[in-house]
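Below, chain A is the first sequence line, B the second, and so on; all start at residue 1.
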2 protein chains.
Amino acid sequence: MRKERKSNVTIKDVALRAGVSTSTVGRVVGNYGYVSDETRKKVLKAMKEIGYYPNAIARSLKRRRTQTIAYLVPSITNPFFSQIATSIEDLASSHEYNLILCNAGTKADKLRKITNMLLENRVAGIIHSLPCTDALYNLVEVFQSAHIPIVSASGSRRFSEVDRVMADDIQGARDATRFLLELGHSRIALLAVKNSTTSKLRTKGYKEAFQQTGRKLHEELIVEGPDFSEDSGYTLMKVLLGRSKPPTAVVAFNDVMAVGAIRAIKEEELSIPEDISLIGFDDTIARLTQPPLSSVALPMGEIGRVAIRILLDRIEGKDTGEPKKVVLKEKLVVRDSTGQLGTGHG
Amino acid sequence: MRKERKSNVTIKDVALRAGVSTSTVGRVVGNYGYVSDETRKKVLKAMKEIGYYPNAIARSLKRRRTQTIAYLVPSITNPFFSQIATSIEDLASSHEYNLILCNAGTKADKLRKITNMLLENRVAGIIHSLPCTDALYNLVEVFQSAHIPIVSASGSRRFSEVDRVMADDIQGARDATRFLLELGHSRIALLAVKNSTTSKLRTKGYKEAFQQTGRKLHEELIVEGPDFSEDSGYTLMKVLLGRSKPPTAVVAFNDVMAVGAIRAIKEEELSIPEDISLIGFDDTIARLTQPPLSSVALPMGEIGRVAIRILLDRIEGKDTGEPKKVVLKEKLVVRDSTGQLGTGHG
DNA sequence: TTGTAAGCGTTATCAT
DNA sequence: ATGATAACGCTTACAA
């Protein structure tokens, strides 16, 4: 015989069993107010015996607030987001909050639907990593007027009314470029991406590095592809290598593009880093390339942690100040794809 | 002046505004029962005007069930799980279910905590991809006795009381091995992993391929590492290459191990596939290796879809039959790391 | 076709 | 220190 645990054991049942009132049981369960040790023991015993566990739904209804927060991403498959998600989940969970993870995809309808669902489920707050779209505008407006706090974690930077935490794309690219400049390179190419805010900021950082060191910038070495794909990296690199004066170093705006670049470079029978130094961004698959790729690591974990801390402070009313903007440092991880200029036959 | 949307507009408010009863409003909101067109319009108008949206918490309390399901994984960072998660989320969302994603990690405490939280929040059902542990036993027991359906999506296979959907590891390895046999290879090495059910099953498939084709199996070419890491793949491959009779083809039990193997092979100045053919598993980063890796793709999307379908059928009582066990096919994706035996100098 | 009223399982206020 | 009771916002017989 299997022990059947009735799923609707209520406080009332416990009260009956323990021979006390529901409010006394409530005090024991919620651990507040005055309860004598003796009574507490009786209640605890009754709870065990009939297998009581609290009903969070009823509690939420009564308290008029949930312990649920949501994290919205374009795609959880992207390791960038899943790492942020992990750190959010971690802290949320240790503060007794549940995390609803929402894949908003790219369709406006989906995000609208999610917005409604979150509203109806009375989430206590949301964190998102979404790009700026009409549907996001709608979301922000709706949640703001419902007084539900929002934090952008490496999402759209455009809403000055919401708390934002993001990586310092300018600094990351500046550091990477500077590192190459210090290795003696000056013909440093940039594999950039059209219509990307991130790409624009990184390009800015690249330029700053040249300015700060007083070295000459070669504008023609900044090339733009349509997206952050491997093909994009491959094609751009091919173009650069076909020129009369190819670069001696390359910064690709993510690791996947860098993989494309590696393929192009090897096809031309050149070696990394002897002929060409290469740096990627994101530090995701960088350990696995051949040679292991130097890459600018983004502080995903930190982004998530800061975002959730801000959110919890907002939810619990500990922070009622102006919207924050937190910018976190990126960090170059040096591996084997970068070397001093002129060690090869280039 | 910002329009302030009061967050606690209730059915009662709408009823008052529209001059009807709460139950009439309820009928309009829930879209059931008889409501005259005229009344419906009045109610709809009132809803718009005062910005009403339903309270899912109250509804859940009343109906004694939620529209929430949970998906538990060891780590959402693993692309294997995040892809399953995506397909689950997709179908769940289109059936008006919310998905709570839980990172159970590896500590028993965390899973116990999640178990309780899920129970208290009255989730309608759960899907998991967790390995067999005491904490999972506890989870299964607790949910079973609360009559909350569970589906294992490529998780522990040990519970015959729960629905299980998984990939056919035996068939995947068999197909991969067979493919290599047909290319003329017979000295086919296996980079396996100790204490892994999956590894055991794949090894079985490997052996079946030899049996079915009547070719001679070289037991000594089956080597085991401690885990599925790149280092593991590298070290095992080094060992194999150091032998007097090295293999002409290799099956690595995931892509990351295959990357390690590639490194080892290149270090010995051998080429892929001319000297050695290589096949990975998972088809995650396989496109990005040099050369692009042939790899056995697991049906992650399909696993998620089947799992959520089964779960929804259970939740909605459409399926009250015996626990199901669904096994889905793996599929070899051929790229450039595999070739006919003897095209190189080996 | 519409309205009344009794819960769902908690929490919180007020007595006792 | 404990108990009675009224909400929380919705659904749903049942009555009208």
**Asked** Residues two or more places apart in sequence or in another chain: which of them pass salt bridge (Lys or Arg N to Asp or Glu O under 4.0 Å) with B:Glu120?
**Response**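 B:Glu120: no salt bridge (Lys or Arg N to Asp or Glu O under 4.0 Å) contacts found.
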
Could you list, one pair per line, each protein nitrogen or oxygen that sits under 3.5 Å from a nitrogen or oxygen of nucleotides 1-5 of chain D, together with the distance?
{"residue": "D:dT2", "atom": "OP1", "partner": "A:Ser36", "partner atom": "OG", "Å": "3.0"}
{"residue": "D:dT2", "atom": "OP1", "partner": "A:Thr39", "partner atom": "OG1", "Å": "2.3"}
{"residue": "D:dT2", "atom": "OP2", "partner": "A:Ser36", "partner atom": "N", "Å": "2.6"}
{"residue": "D:dG3", "atom": "OP2", "partner": "A:Ser21", "partner atom": "N", "Å": "2.8"}
{"residue": "D:dG3", "atom": "OP2", "partner": "A:Ser21", "partner atom": "OG", "Å": "3.0"}
{"residue": "D:dG3", "atom": "OP2", "partner": "A:Thr24", "partner atom": "OG1", "Å": "2.6"}
{"residue": "D:dG3", "atom": "N7", "partner": "A:Ser23", "partner atom": "OG", "Å": "3.2"}
{"residue": "D:dG3", "atom": "N7", "partner": "A:Arg27", "partner atom": "NH1", "Å": "3.4"}
{"residue": "D:dG3", "atom": "N7", "partner": "A:Arg27", "partner atom": "NH2", "Å": "3.4"}
{"residue": "D:dG3", "atom": "O6", "partner": "A:Arg27", "partner atom": "NH2", "Å": "2.5"}
{"residue": "D:dA4", "atom": "N7", "partner": "A:Ser23", "partner atom": "OG", "Å": "3.4"}
{"residue": "D:dA4", "atom": "N6", "partner": "A:Ser23", "partner atom": "OG", "Å": "3.1"}

**Set of side-chain contact (heavy atoms from CB on, under 4.5 Å) partners for B:Ala167, sequence neighbours left out** =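 B:Ala167: side-chain contact (heavy atoms from CB on, under 4.5 Å) contacts with B:Pro299, B:Ile303, B:Glu330.
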
**Message:** According to side-chain contact (heavy atoms from CB on, under 4.5 Å), who are the partners of A:Ser152, at least two apart in sequence or on a separate chain?
**Reply:**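 Testing A:Ser152 for side-chain contact (heavy atoms from CB on, under 4.5 Å), a comparison that skips the adjacent residues, returns A:His128, A:Val162, A:Arg164.
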
**Message:** Can you list everything that forms a side chain to side chain donor-acceptor pair (under 3.5 Å) with B:Thr106? Sequence neighbours excluded, please.
**Reply:**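 If we apply the side chain to side chain donor-acceptor pair (under 3.5 Å) test to B:Thr106, skipping adjacent residues, there are no hits.
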
**Message:** Counting only heavy atoms not in B:Arg158 (residues, nucleotides, ligands), do more than 12 fall under 6.0 Å from its CZ?
**Reply:**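 Open.
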
**Prompt:** Which residue pairs satisfy the salt bridge (charged side-chain N to carboxylate O under 4.0 Å, His left out) criterion with at least one member in residues 73-100 of chain B, sequence neighbours excluded?
**Reply:**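 Every pair satisfying salt bridge (charged side-chain N to carboxylate O under 4.0 Å, His left out) with a residue in residues 73-100 of chain B: A:Lys110-B:Glu89, A:Lys113-B:Glu96.
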
**Message:** Per the salt bridge (charged side-chain N to carboxylate O under 4.0 Å, His left out) rule, what does the pair list look like for residues 70-87 of chain B, sequence neighbours excluded?
**Reply:**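 Residue pairs passing salt bridge (charged side-chain N to carboxylate O under 4.0 Å, His left out), neighbours aside: none found.
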
**Prompt:** Closest heavy-atom contact between B:Gly125 and B:Leu311?
**Reply:**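 Where B:Gly125 meets B:Leu311 most closely, the heavy atoms are C-CD2, 3.9 Å.
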
**Asked** Quick one: side chain to side chain donor-acceptor pair (under 3.5 Å) pairs with a partner in residues 299-315 of chain B, sequence neighbours left out?
**Response**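 Every pair satisfying side chain to side chain donor-acceptor pair (under 3.5 Å) with a residue in residues 299-315 of chain B: B:Asp163-B:Arg314, B:Glu302-B:Arg305, B:Arg314-B:Asp319.
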
**Message:** Nearest 0.5 angstrom please: B:Leu101 CG to A:Asn98 CG, how far?
**Reply:**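 So the CG of B:Leu101 and the CG of A:Asn98 are separated by 12.0 Å.
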
**A:Leu99 CG to A:Thr86 OG1 distance, which is reported to the nearest 0.5 Å** =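 Going from the CG atom of A:Leu99 to the OG1 atom of A:Thr86 covers 9.5 Å.
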
Could you list the protein-to-nucleotides 8-10 of chain D atom pairs, N/O on both sides, closer than 3.5 Å?
{"residue": "D:dC8", "atom": "O2", "partner": "A:Lys62", "partner atom": "N", "Å": "3.4"}
{"residue": "D:dG9", "atom": "OP1", "partner": "A:Arg64", "partner atom": "NH2", "Å": "2.8"}
{"residue": "D:dC10", "atom": "OP1", "partner": "B:Tyr52", "partner atom": "OH", "Å": "2.6"}
{"residue": "D:dC10", "atom": "OP1", "partner": "B:Asn55", "partner atom": "N", "Å": "3.3"}
{"residue": "D:dC10", "atom": "OP2", "partner": "B:Ile11", "partner atom": "N", "Å": "2.6"}

**Asked** So where does chain B start and stop touching DNA chain C, 5' to 3', when the test is distance under 4.0 Å to a non-hydrogen atom?
**Response**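 Range of nucleotides within reach of chain B: C:dT1 to C:dG9.
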
**Message:** How bent is the helix from C:dT1-D:dA16 to C:dT16-D:dA1, measuring the angle between the end axes built from five pairs each, rounded to 10°?
**Reply:**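 Nearest ten degrees gives 40° for this helix.
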
Check residues 27-38 of chain B and write down every donor-acceptor pair under 3.5 Å in which the side-chain atom is one partner and the other belongs to a residue at least two apart or another chain.
{"residue": "B:Ser36", "atom": "OG", "partner": "B:Thr39", "partner atom": "N", "Å": "3.2"}
{"residue": "B:Ser36", "atom": "OG", "partner": "B:Thr39", "partner atom": "OG1", "Å": "2.6"}

